[in-house]
Novice: 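Below: one structure in C-alpha cells.
Numbers here are sequence positions counted from 1. Please read all numbers here as calculations on a predicted model, not as lab measurements.
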Amino acid sequence: MKLGVVGKGGSGKTTVAALLVQAYTERGARVLAVDTDANPNLALSLGLDLAEADRVPVLPRSLIVGEGDGATPPADLVDRYGVSTPAGAILVHAMSVNRAAAGCMCSGHASVRSLLGAAIDGEADVTIVDMEAGLEHLSRSGGTLAYADVLLAVVEPTRKSIRAAARIRALAEDLGIPRIYAVGNKARRPDDATLFVAAQHDHGLPLAAVLPYEHEVVDAERAGTMLSPEQAPAARQAVAELIDLLASTDEERAGLRRRVATLERQLAELQSR
C-alpha cells in the first residue's frame, strides 16, 4: 500500500503519519516513511534525535526510481538513502531547503512520484508519504501522489481546515487516486466531531477516523520526540481502527456509513446531557 498524508499546515499531518508508521510496524509490516517537506520533521517523530535527523541524506533531485538505464533500483535507493529509525521504519528524506535561492523543488517532487510509481513492494509492505502543507504537490504536472493507493486528508476542527481538505479531495480525484478519506484530528469537544461529520456530508469527505486532542501528543511535539507505545492511547486506538478500515474489503468498508451514524447518535446524546 502507498499512502499519502496531506492537509492544511498545522493540522497534524506529521503526527498522524508517525502514528501510522508505528502502528504498521507493530503489526509486523515493513514500512518505508517518506518525508517530502522542504523543512523535514518526520525524523524526530520517528525517534531520531536532532543530530541524527540532520544526517539523513536527501534524495537527489534528478533521481528516477525503477529499472533500466539511468534508473535507481528500489533496493539501491533504500540502501543508499534510507535510514533505520527507532519506530521500526526506514526513513527517506525526499527534499530539504538548506540555503536561500536554491530554486524550486519540482524535481524533488518528481523523484517522489517516481518512487511511488516504482515496484517497491520488495522493499516495503507499506509506504507512507508525509506531504508538505498545501495543494501544490497535487497540482503539479503528473501529481506527486499520482501513484498513491490511499490519500488521507488530515483535518482540524476548523472551517479553514475543512475547506482545504475539500480542495484536496477534488484534486486527488482528478489525479485518479482511488481512495480518499478525511481524518479528523485534535477533537476536544463533541461539537468538534460533529463538525467533521458535517464535512463528510457537505463536502463529500468520507470520515475514516477521529483522533482526540491529547496532551501527550502536544508534549512530544514540543520536545521533538517520538511518542512512546504507552502514550496517547485514544489516538492510537483511532489509528488502529483506521488501519483496519484501509485493509478491509469493499463490503466491509460499507460499514463505515453505519459507524458514522453511530457516532452521530452518540454525539447527539452527549450534547443533550
Novice: Hydrophobic clustering (ILVMFWY, side-chain heavy atoms < 4.5 Å, transitive) - are Leu91 and Leu44 grouped together?
Specialist: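 No, because Leu44 and Leu91 fall into different hydrophobic clusters, even though each may have its own neighbours under 4.5 Å.
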Novice: Taking the basic N atoms (NZ, or NE/NH1/NH2) and the acidic carboxylate oxygens, is any pair closer than 4.0 Å for Lys2 and Asp149?
Specialist: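 Judged by the 4.0 Å cut-off on N to carboxylate O distance, Lys2 and Asp149 do not form a salt bridge.
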Novice: What residues, two or more places apart in sequence or in another chain, satisfy salt bridge (Lys or Arg N to Asp or Glu O under 4.0 Å) together with Glu173?
Specialist: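 Arg169.
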Novice: Working to the nearest 0.5 Å, report the span between CG of Leu171 and CG of Asp174.
Specialist: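 One gets 6.0 Å once the value is rounded to the nearest 0.5 Å.
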Novice: Keeping Asp125 on the side-chain end and Arg30 on the backbone end, is there a donor-acceptor pair under 3.5 Å?
Specialist: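 Yes, the answer is positive, given that a donor and an acceptor are paired below the 3.5 Å cut-off.
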Novice: With sequence neighbours excluded, tell me which residues meet salt bridge (Lys or Arg N to Asp or Glu O under 4.0 Å) with Arg188.
Specialist: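 Arg188: no salt bridge (Lys or Arg N to Asp or Glu O under 4.0 Å) contacts found.
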Novice: Would you say Leu205 and Val197 are hydrophobically clustered, going by side-chain heavy atoms of ILVMFWY under 4.5 Å?
Specialist: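 Shared cluster, no.
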Novice: Nearest 0.5 Å, please: how far is NZ in Lys13 from CG in Leu42?
Specialist: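 If I round to the nearest 0.5 Å, the distance is 11.0 Å.
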Novice: I'd like to know if the side chain of Asp130 and the backbone of Ala17 have a donor-acceptor N/O pair within less than 3.5 Å.
Specialist: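 No, the answer is negative, given that no donor and acceptor are paired below the 3.5 Å cut-off.
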Novice: Would the distance check show the side chain of Thr25 and the main-chain N or O of Ala87 forming a donor-acceptor pair, the cut-off being under 3.5 Å?
Specialist: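 Checking the backbone N and O of Ala87 against the side chain of Thr25, a donor-acceptor pair under 3.5 Å is found.
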Novice: Quick one: closest heavy-atom pair of Leu32 and Ala124, and the distance?
Specialist: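 Between these two residues, the closest heavy atoms are CB-CB, 3.8 Å.
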Novice: What's the separation between atom CG in Leu48 and atom OG1 in Thr225, rounded to the nearest 0.5 Å?
Specialist: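 So the CG of Leu48 and the OG1 of Thr225 are separated by 12.0 Å.
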Novice: Give the minimum heavy-atom separation between Tyr81 and Pro57, together with the two atoms involved.
Specialist: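 Tyr81 and Pro57 have their closest heavy atoms at O-CG, 3.6 Å.
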Novice: In Å and rounded to the nearest 0.5 Å, what is the CG to OH distance from Leu242 to Tyr181?
Specialist: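 Between Leu242 CG and Tyr181 OH, I get 9.0 Å after rounding to 0.5 Å.
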Novice: To the nearest 0.5 Å, what is the distance between CG on Asp35 and CD1 on Ile128?
Specialist: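 Rounded to the nearest 0.5 Å, the CG-CD1 separation comes out at 12.5 Å.
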Novice: Indicate, with yes or no, if Ile180 and Met131 share a hydrophobic cluster defined by side-chain heavy-atom contacts under 4.5 Å among Ile, Leu, Val, Met, Phe, Trp and Tyr.
Specialist: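 Both belong to a single hydrophobic cluster.
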Novice: Would you name the heavy atoms of Leu59 and Leu77 that are closest together and state the gap between them?
Specialist: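 Result for this residue pair: CD2-CD1, 4.0 Å.
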Novice: Residues two or more places apart in sequence or in another chain: which of them pass salt bridge (Lys or Arg N to Asp or Glu O under 4.0 Å) with Arg236?
Specialist: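 Checked Arg236 against salt bridge (Lys or Arg N to Asp or Glu O under 4.0 Å); zero matches.
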Novice: Identify all side-chain donor-acceptor contacts of residues 151-164 below 3.5 Å with residues at least two apart in sequence or on another chain.
Specialist:
residue	atom	partner	partner atom	Å
Glu156	OE2	Lys186	NZ	3.1
Thr158	OG1	Ser161	N	3.1
Ser161	OG	Glu156	N	2.9

Novice: Distance only, no hydrogens: is a donor on one side chain within 3.5 Å (strictly under) of an acceptor on the other, for Glu26 and Gln22?
Specialist: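 Distance-only check fails for Glu26 and Gln22.
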Novice: Rounded to the nearest 0.5 Å, what separation is found between the CD1 atom of Ile90 and the CD atom of Glu123?
Specialist: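 Nearest 0.5 Å value for the CD1-CD distance: 10.0 Å.
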Novice: Going only through I, L, V, M, F, W and Y residues with side-chain contacts under 4.5 Å, is there a path from Tyr24 to Met226?
Specialist: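 The answer is no; the residues belong to distinct hydrophobic clusters.
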Novice: Run Thr15 and Leu19 through side-chain contact (heavy atoms from CB on, under 4.5 Å) and show every step you take.
Specialist: CA-CA 6 Å; Thr15 296; Leu19 286 170; 4.1 Å; yes
Novice: Cut-off 3.5 Å, no hydrogens considered: what does the side-chain donor-acceptor table look like for residues 208-218, sequence neighbours left out?
Specialist:
residue	atom	partner	partner atom	Å
Glu214	OE1	Ala235	N	2.8
Glu216	OE1	Ala232	N	2.5

Novice: For residues 42-59, which residue pairs pass the side chain to side chain donor-acceptor pair (under 3.5 Å) check, not counting sequence neighbours?
Specialist: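 Qualifying pairs, neighbours excluded: none.
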Novice: Which pair of heavy atoms, one from Ala53 and one from Ala43, lies closest together, and at what distance?
Specialist: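 It is CB-CB, 3.7 Å.
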Novice: Is Leu20 close to Val16 at the side-chain level, that is, under 4.5 Å between some pair of heavy atoms?
Specialist: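 They are in side-chain contact.
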Novice: Please check this pair: side chain of Asn185 against backbone of Ser11, looking for a donor-acceptor N/O pair closer than 3.5 Å.
Specialist: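 Answer holds: yes.
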